[in-house]
Amino acid sequence: MTDKSLIDLSWDDFDEHRDPRPDTNDFDAVVDKAISRRGFLGGAVAFGSGAAVFGTGLFHATGSAQAAGHAAFAFDPIDVATDFDVHVPAGYKSEVLVRWGDALWSDADGAYSAETGVSVDMSDKVFGENTDGMELFEVDGREVIAVNSEYVNPKINLPAASEGKPQNADEVKLLKNLQGVTVMEVARGDAGYAVVKDSPFNRRITHETEMVLAGPLAGHDLVKTKADPSGTQVKGTMNNCGSGRTLWNTYLTCEENFNGYFGATGEEPAGEGYKRYGIGGEGRYAYEKFDPRYDISTEPNEPHRHGFITEIDPTDPTSTPIKRTALGRFKHENASMAHALDGRVVVYMGDDERGEYLYRYVSNGTWQEGGATEGLLDDGQLYVAKFNDDMTGEWLALTPEATSMTEAEILCFTRMAASAVGGTTMDRPEWVATNPLKAEAYCALTNNKNRGVKPNAGGDDTSVNAVNPRETNHYGQIVRWTPENGNHAAIDFTWDLYVMAGNPTVYDNEYAGSQNVNAGNMFNSPDGMVFSSDGMLWIQTDGNYKNEGDFEGMGNNQMLVGNPETGEIARFMTVPYGAEVTGLCWSLDKKVAFVGVQHPGGSWPDGEGKPRSSVVQVWREDGATFG
Ligand code: FEO
Ligand code: CA
Ligand code: CA
């Protein structure tokens, strides 16, 4: 594979490039198990009733989008779209709030040009590219959004002659600055919400921002570098994917495909950890050629300082972001915090790679409203989820005794610790969401073409099992679990599948999906998930939008609403062809939803020139609230 083609891969396929599937496999055992699993499921018709795995049994297949949502939702569900626009239900409106390249400070006005994109010298003063997770915060009645810019598309940002690879340090700087996190004040005016230019809260946090490494791994030899012999001062947060917020209202940004930023210009360092995390060879953006910090031949520990959850105080623009090593190092998708009955703080987290794991952190200390937060994200226990086929499950503690690893090794090589204790390999855990109305949590398992086909990067078995029941899973499913006694800190839980995505117009077997999927609401690859305050589950997709073959009838990526009690799911929004929809938060009065539209196609939203990743605002014309 050449330099040029690396950049054309999705992050998921980038993993595959690093860890290709073998030419030949002994699939017999895998296939046998998959077939017996099919027998247990009994085909799509039985999903809601015969197989308790698939939810409450209350789901009703219906023939149209309208019928699917009519009873339970405050909107008429919309049809699929295949065009280059955003669509919302009748009675709702949508407008762009902010686009890649829009100035956050007035001295950056004009930083973006339709022909050349963003200029290097203004690149840390504009809204970054490829918006992702976000949260809205209140500061003395003002509204401040913290929002991730996950990655960049160099073919859009760099001159065509570069063919998608930076050719000098300035071009690397441009790419670094357009990723990370944006903190921005927003305010409502006559034309809806707008970014408050020059607000004292506005801030860009990039791959170069100074931050602190905290928790048990801080200061360890594994995280010391030439530039930071203390192992506590880190530059940058990268590949900021999904989001979370603490009970004390700080922002959690989650470092996902951090591995792709590092490369080797010479000899590669030895160690299982590099392979398990997909670190080696060429970096995706050639950073290592122009910045030695990203060159693992000379700085083998720099990658050990990324892949964490980073806490940011969006109310204080001078605050130093803190990387929380106690929450483990992996491809963090997002974070959902819950308050255990005994006051401890619980964080649910997915590791988005094929056959990786679902995790939970439980603090040792307790929190109460207005109380101290010191140590709550530095001192606690990390667990990996084990899902049993009888719909029970347990959290396996990642301790030195259980893993034969030191505490520092567990936090630096968390995937290897999870493998050591026998967690359940999952179909790419994306967002986790905790129901605000009852003690239950959900995880979107987006898809996994390798389920039942090949092991994960650590060699762990990925045969089908009850929670990941389909081999070569192109559609994905959402699992939910209820902790014992309603206590998120409990070891035991029970689980079911809230939905199995599928295509009932193409298949009449398990690939048709569960009974709450029908021709009117079907989708693939659930990814973002956020609960509104009324206990409705908003589901965002990042899947195949070609609308053909297995995906015919699904159209562009979309946002749906799920009712956890009835299982009903209805389509609320579709995004332009090519885009995924990711990131969701609401205005303080809940009248406006802010929704992220990442990597759109065509020339959306400007109608000419480059496509621009954007946050859009959606509201109901009669002024009703969301949730
Ligand atoms: Fe950045 Fe797994 O999504
Ligand atoms: Ca995602
Ligand atoms: Ca995804």
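Each ligand, and each atom within it, is numbered from 1 in the order the structure gives.
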Nearest to atom 2 (Fe) of ligand 1, which N, O or S atom of E430 do we find?
->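 Going by distance to atom 2 (Fe) of ligand 1, the closest N, O or S atom in E430 is OE1.
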Heteroatom test (N, O or S) for D352 near atom 2 (Fe) of ligand 1, limit 2.8 Å |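 Short answer: yes, at least one N, O or S atom is under the cut-off.
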Taking both backbone and side-chain atoms into account, decide whether E333 has an N/O/S atom under 2.8 Å from atom 2 (Fe) of ligand 1.
->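 Yes, E333 qualifies, because one of its backbone or side-chain N, O or S atoms lies under 2.8 Å.
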Apply the ring-ring contact (aromatic ring centres under 6.0 Å, His included) test between H306 and each candidate in F262, Y277, Y261; give the one that qualifies.
->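 Output: one option passes, namely F262.
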Taking it one step at a time, do D352 and K331 satisfy salt bridge (Lys or Arg N to Asp or Glu O under 4.0 Å)?
-> CA-CA 6 Å; D352 180 9; K331 292 186 180 179; over 6 Å; no
Looking at the Ca ion (ligand 3), is one of the N, O or S atoms of [X] less than 3.0 Å from it?
X	answer
E580	no
D352	no
D542	yes

Do [X] and [Y] get their side chains close enough for a donor-acceptor pair, meaning under 3.5 Å?
X	Y	value
D460	Y357	yes
T253	T237	no
R204	N177	no

Of all N/O/S atoms in D527, the name of the one nearest the Ca ion (ligand 3) |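 Output for this pair reads OD2.
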How is the N/O/S atom of E430 that comes nearest to the Ca ion (ligand 3) named?
->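 Checking each N, O and S atom of E430, the shortest distance to the Ca ion (ligand 3) belongs to OE2.
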Is atom 1 (Fe) of ligand 1 less than 2.8 Å from at least one N/O/S atom of E150?
->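 It does; at least one qualifying atom falls short of 2.8 Å.
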N, O or S atom of E256 closer to atom 1 (Fe) of ligand 1 than 2.8 Å |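 E256 does place an N, O or S atom closer than 2.8 Å to atom 1 (Fe) of ligand 1.
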When you look at F330 and H332, which way does the ring-ring contact (aromatic ring centres under 6.0 Å, His included) test go after all the steps?
-> CA-CA 6 Å; F330 45 89; H332 279 284; 3.8 Å; yes
What do the steps show when you test W538 against F572 for ring-ring contact (aromatic ring centres under 6.0 Å, His included), and what is the final call?
-> CA-CA 9 Å; W538 296 73; F572 178 82; 5.3 Å; yes
